[in-house]
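Only one structure is covered here, and it is reproduced in the block below.
To find a chain, count down the sequence lines: A is the first, B the second, and so on, and within it residues start at 1.
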Amino acid sequence: MNRIRTIKKQIRAAFPAGLEKPGWSQADERIVADASTAMKQTHASSRRASRISIWRTIMKNRRTRLATAAAIAAAVVLSSVVMDWLAPPAWAIGQTVKALKGVRSIVIRGVGYDDGIAAASTLWIRPSQDDGEGFDMRFECEDQLVVVRGKKAWVHLADKNLVMIFDDVTKSYGMMRDLQWWYDLAALNPWITGKVLAAAKHVAEDWEEIYGYDERTGRDCVFVTCAYGAESTFWFVCDLETKLIVEAKYWNWSSPDPEGPPACHATSFVYNEDLHDGIFEFQMPAGVKVIDKAKTRKQEQEARVLSDQAERLFMEGKFAESIDVYQQVYDGFPDLTNGVPASTALCMMGSGYRKLGEPQKAVEVLQKQLTEYGYLEGCESTYYSLGCAYVDMGEKEKALEAFEECLALGTGRREPDEYPLKHAREQIRQIKGQ
Amino acid sequence: MLEDSLLVRRFNAGDPQALRRIYEKYRSDLWRVAGALLSDPAAVEDVVHDVFVVFASRAGRFELKGTLKGYLAICVANRARNVSRQCRQVDPERLHHVRPEPDASRVASDMELNRTVRTALGQLAPQQRQAIVLHVLGSLRFREIARQTGESVNTVKSRYRCGIQRLRFLLNGQVER
């Protein structure tokens, strides 16, 4: 029987300090250099963030459509504050804030550009009517609909025939992360006070005001251009009488050149329109696939527990038991998170069957994986496993075909000397050499 | 500990020398922990790199709870586990390489014994392996591991104990005394 102390000693001997990195190397320099860069970037941005963190969040947002909606909404409220900073004495801060407080709802219509393709969009937003917290919002953009009602949100992606339901946007991730910031802000004040937004001008790297005449409205106005870094530029037109924005354009990372077409162009702003509750009610379309994130989280947890159990059994060499548990993962969660757990389960079952000396069954499950989850990345590994199973069965032609498919899929995705490309090439060499 | 507090304060103020000092101070431990949890040297480097870059990006808002070494070691261990899990998802064949050698009696030299220990460690459940690596190689106390992982001390101890028992079973007869 080994003593614990002896085992600990042997573990330390097996992984001596400095074994992997005996001295300061280029890798260390690279790590420190990259970390220093990250620190500088963070530090530079946090200086601004400390003044107005929400603004930075909006600016670095990269989810085009929601970001666009958020950015336009920001511009709307921002515009009123902009007025505070403009020189003409006609505006006083008190007037502007007063005007802001009077806003009950905003409807913004415009055009968003995705890879140069225009898509009409409309955003309705108002303070939450249900619980007095947060906001109600509806955003429509061709194939995408987002409805936020208090903390709950529905996202309908028509092109995927999919509806996602988020029970609490303040605790959700992914695309709802954007909304969290808005929710936090809205919880403070649905229309954001002038005090908060005043900082927007303060942190702008470039700011230009041109007074003139708006031909669209026939009224005096001010044209404001403000830039935040190289990738974010706002341009908007403010009516000098109402102190509200009447037109806006936004260039972001996807179209950073202010001389070129913007990422979005808000052409119409309507304030204080009476918005009936129906606008903020989500009607579930017939025949759509529904993902309820609250339920999904629970299922993900269950699938993870089963997968871990199966993996442990596999590692212990209990392949038959491992296969049984992986089968439960596949049966119970075939579509969960785009099929990743189920796909992995099939792949592992294939390996398990090979270990048990049953290559025919391995081939069956691996082919099943390719048929049902071939859209997932990583299929080159499955083809490699499939090739190995065919080798076990003595079917060299099929094995060769699978290994070549592995190479074809994996080339460009993985390093040539990485698993499974290196192994597939070796197998092909062996088969052809026989 | 005091030095760490000062380093963190300078780090939060944006001092690159503090960042470099933190890395120099703990690099050996971090590489060791990552090396014990991952078999691929390139992945080890990536994990240490990623953890440190993420850590650096928290400058200005990093709050030291517990020890800095414990925090970084846990980050490395968690990241290594994620990487390991991703590899397993797409590369199941790789798991075959960590199976024990069929003929243990051939293990004679120290080098081979070390290899056997590494292989046996690789066979443990990820959480057991992490507890052992952090405690034995990272020299972290159970209380520190528990604090950083948000688990109870008893849970961590239990994983460590089970892991050691499993190692004893796997290494039985191969580690003398």
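With respect to the salt-bridge test (charged N to carboxylate O, under 4.0 angstrom), the residues A:Glu401 and A:Lys398 do not qualify. The existence of a salt bridge linking B:Arg20 and B:Glu24 is confirmed by a sub-4.0 Å separation between a basic side-chain nitrogen and an acidic carboxylate oxygen.
Under the 30°/60° scheme for interplanar angles, the aromatic rings of B:Phe11 and B:Phe55 are found to lie parallel.
With a threshold of 4.5 angstrom between heavy atoms, B:Ile22 does not approach chain A through any atom at all. Residue B:Asp15 touches chain A through its backbone alone, counting heavy-atom pairs closer than 4.5 Å. The contact between B:Tyr160 and chain A is made entirely by side chain atoms (from C-beta outward), counting heavy-atom distances below 4.5 Å.
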Can you list the steps and then say if A:Thr382 with A:Ser385 is a side-chain hydrogen bond (donor to acceptor under 3.5 Å, both in side chains)?
-> CA-CA 5 Å; A:Thr382 309; A:Ser385 299; over 6 Å; no
